[in-house]
Amino acid sequence: KHGNPCGAAWTTDPIEAFETAKAADPVSAFGGIVAIPGPLGAPLAQSIAAKGNFFEIIACQSASPEVLRLFEARAGWGQDVRIIECPLLPEQPYLDLRTVRGAALAQTSDAADSETWTEPTSRKLEPGEILPLKAAWICAKHVKSNAIVVCDKNGLIGVGAGQMNRVKSVRLALEQAGERARGAVLASDAFFPFADSIEEAAKWGIAAVVQPGGSKKDEEVIQAAERLGIKIALTGTRHFRH
């Protein structure tokens with residue numbers, strides 16, 4: 001919503017994934033955009049068009065005539081929703097443009113994700129924490145800086161976006177996640193300049209954090225994580241979306 005993901009999920013069943021993503025923040029999802037990594041089938045379309053839902057745009061790889069008819073018959077917003085077919089693009093770098101008055105900045109895209117992470121804390125990541133952390137790191141890429149996301153094994157459960165200080169984003173994401181934050185993981189698009197964000201995460205029971213590292217106070221942050229029982233993963237690369 002407004003350029004930020006308010007929900008995301010990675011379960012194998014598309015209907016379950018949609019419902020899980022919507023449940024992350026159903027208030028913000030209302031009037032938002034649904035993005036589907038593949039064709040939009042009739043069963044999922046029925047869930048999207050269900051009573052109580054309202055979406056402006058649905059982006060998918062393809063939509064059948066049956067699906068189009070389903071939305072055309074949906075009272076209210078069904079005839080106005082924009083269904084955009086988006087072909088799957090190759091995963092390769094591209095130029096990203098940002099404009100200001102009288103000029104433009106061209107830079108390489110934030111397309112590649114680091115495959116090599118380091119774990120500076122003595123407690124190492126467990127197998128069940130790897131997928132949520134990798135998914136959280138991808139989600140953080142698409143959230144406006146300062147970006148913090150909280151994820152569990154199924155999906156995104158908390159987002160802090162566009163704040164002027166990072167600890168404020170941490171608090172927003174954790175407050176949204178609520179009790180679901182206990183045992184979940186947290187991703188930050190850039191390093192933590194102080195240990196306060198780690199201390200805040202510990203209050204809510206976060207199990208592991210992924211972040212780029214590179215702060216002058218990395219050691220202080222890592223020591224705080226050690227003391228509070230939080231595992232740290234460092235990517236060595238940042239996300240910044242403005």
Side-chain angles (χ1 to χ4, degrees), residues 1-10 19-30 32 117 119-121 123 125-126 128-213 215 217-218 220-235 238-242:
K1 193 73 170 288
H2 303 296
N4 286 303
C6 57
W10 35 86
E19 295 294 346
T20 301
K22 188 183 72 170
D25 187 353
V27 173
S28 298
F30 191 84
W117 294 2
E119 298 180 44
T121 44
R123 299 174 183 85
L125 298 175
E126 298 176 9
E129 295 168 334
I130 302 297
L131 173 60
L133 277 173
K134 287 186 176 293
W137 182 240
I138 292 171
C139 287
K141 178 197 300 190
H142 300 286
V143 175
K144 291 177 182 175
S145 298
N146 288 317
I148 298 292
V149 301
V150 178
C151 296
D152 64 14
K153 64 180 182 179
N154 296 318
L156 183 62
I157 57 175
V159 179
Q163 299 302 305
M164 286 67 74
N165 67 75
R166 190 158 300 278
V167 71
K168 178 65 173 178
S169 284
V170 170
R171 289 174 182 147
L172 286 172
L174 290 168
E175 286 168 5
Q176 182 185 338
E179 288 300 318
R180 294 178 296 172
R182 189 158 302 279
V185 303
L186 181 148
S188 172
D189 65 342
F191 61 67
F192 294 110
F194 304 102
D196 50 3
S197 292
I198 295 296
E199 292 164 353
E200 195 71 28
K203 293 177 187 176
W204 291 81
I206 289 293
V209 169
V210 58
Q211 53 124 333
S215 167
K217 296 196 175 183
D218 269 357
E220 180 181 314
V221 171
I222 292 165
Q223 287 177 3
E226 285 279 14
R227 184 179 75 255
L228 297 167
I230 293 179
K231 302 165 189 173
I232 295 281
L234 301 179
T235 67
R238 302 188 202 183
H239 296 313
F240 269 126
R241 183 166 177 262
H242 296 286

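Atoms considered below: every heavy atom in the structure, side chains included; atoms not considered: hydrogens, waters and symmetry mates.
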How far does CG of L131 sit from CH2 of W10, to the nearest 0.5 angstrom?
-> 7.0 Å
Do the non-hydrogen side-chain atoms of L174 and K203 ever get within less than 4.5 Å of each other?
-> no
Compare all side-chain heavy atoms of K217 with those of F192 and state whether any distance is below 4.5 angstrom.
-> no
Any side-chain heavy atom of D189 sitting closer than 4.5 Å to one from V143?
-> no
V159 backbone acceptor or donor facing Q176 side chain under 3.5 Å | yes
Got a donor-acceptor contact below 3.5 angstrom from the W204 side chain to the R180 backbone?
-> no
Are side-chain heavy atoms of E200 and R171 found at a separation under 4.5 Å?
-> yes
pair T121-I230: side-chain heavy atoms closer than 4.5 Å = no
Quick one: does Q163's side chain have a donor or acceptor within less than 3.5 Å of a partner on A161's backbone?
-> yes
Could you tell me whether a side-chain N or O of E119 sits under 3.5 Å from a main-chain N or O of K231, the two making a donor and an acceptor?
-> no
Minimum-distance pair of heavy atoms, taken over all atoms of A21 and A9 = N-CB, 3.8 Å
Residue pair V185 / V210, side-chain heavy-atom distance below 4.5 Å = no
Under 4.5 Å between any side-chain heavy atoms of H2 and K144, yes or no?
-> no
Separation between CG of L228 and CD1 of I206, rounded to the nearest 0.5 Å | 12.5 Å
Identified side chain to side chain contact (heavy atoms under 4.5 Å, CB included) partner of W117 from the options L133, L234, I232 | L133
Any sub-3.5 Å donor-acceptor pair from K168's side-chain atoms to G160's backbone N or O?
-> no
How far does CZ of R166 sit from CG of N146, to the nearest 0.5 angstrom?
-> 4.0 Å
P193 versus S215, closest heavy-atom pair with distance = CA-OG, 3.7 Å
Any sub-3.5 Å donor-acceptor pair from S169's side-chain atoms to I148's backbone N or O?
-> no
Nearest heavy-atom contact between G7 and A24 is CA-CB, 3.9 Å
Could you pull out the closest heavy-atom pair between F191 and Q211, with the gap in Å?
-> CA-OE1, 3.5 Å
Taking all non-hydrogen atoms of both residues into account, name the closest pair between K153 and P132 and its distance.
-> CA-CG, 3.9 Å
Are any side-chain N or O atoms of S145 and backbone N or O atoms of A147, one a donor and one an acceptor, separated by less than 3.5 Å?
-> no
Are R227 and E199 within salt-bridge range, i.e. N to O under 4.0 Å?
-> yes
What are the two closest heavy atoms between P5 and C139, and how far apart are they?
-> CG-O, 4.4 Å
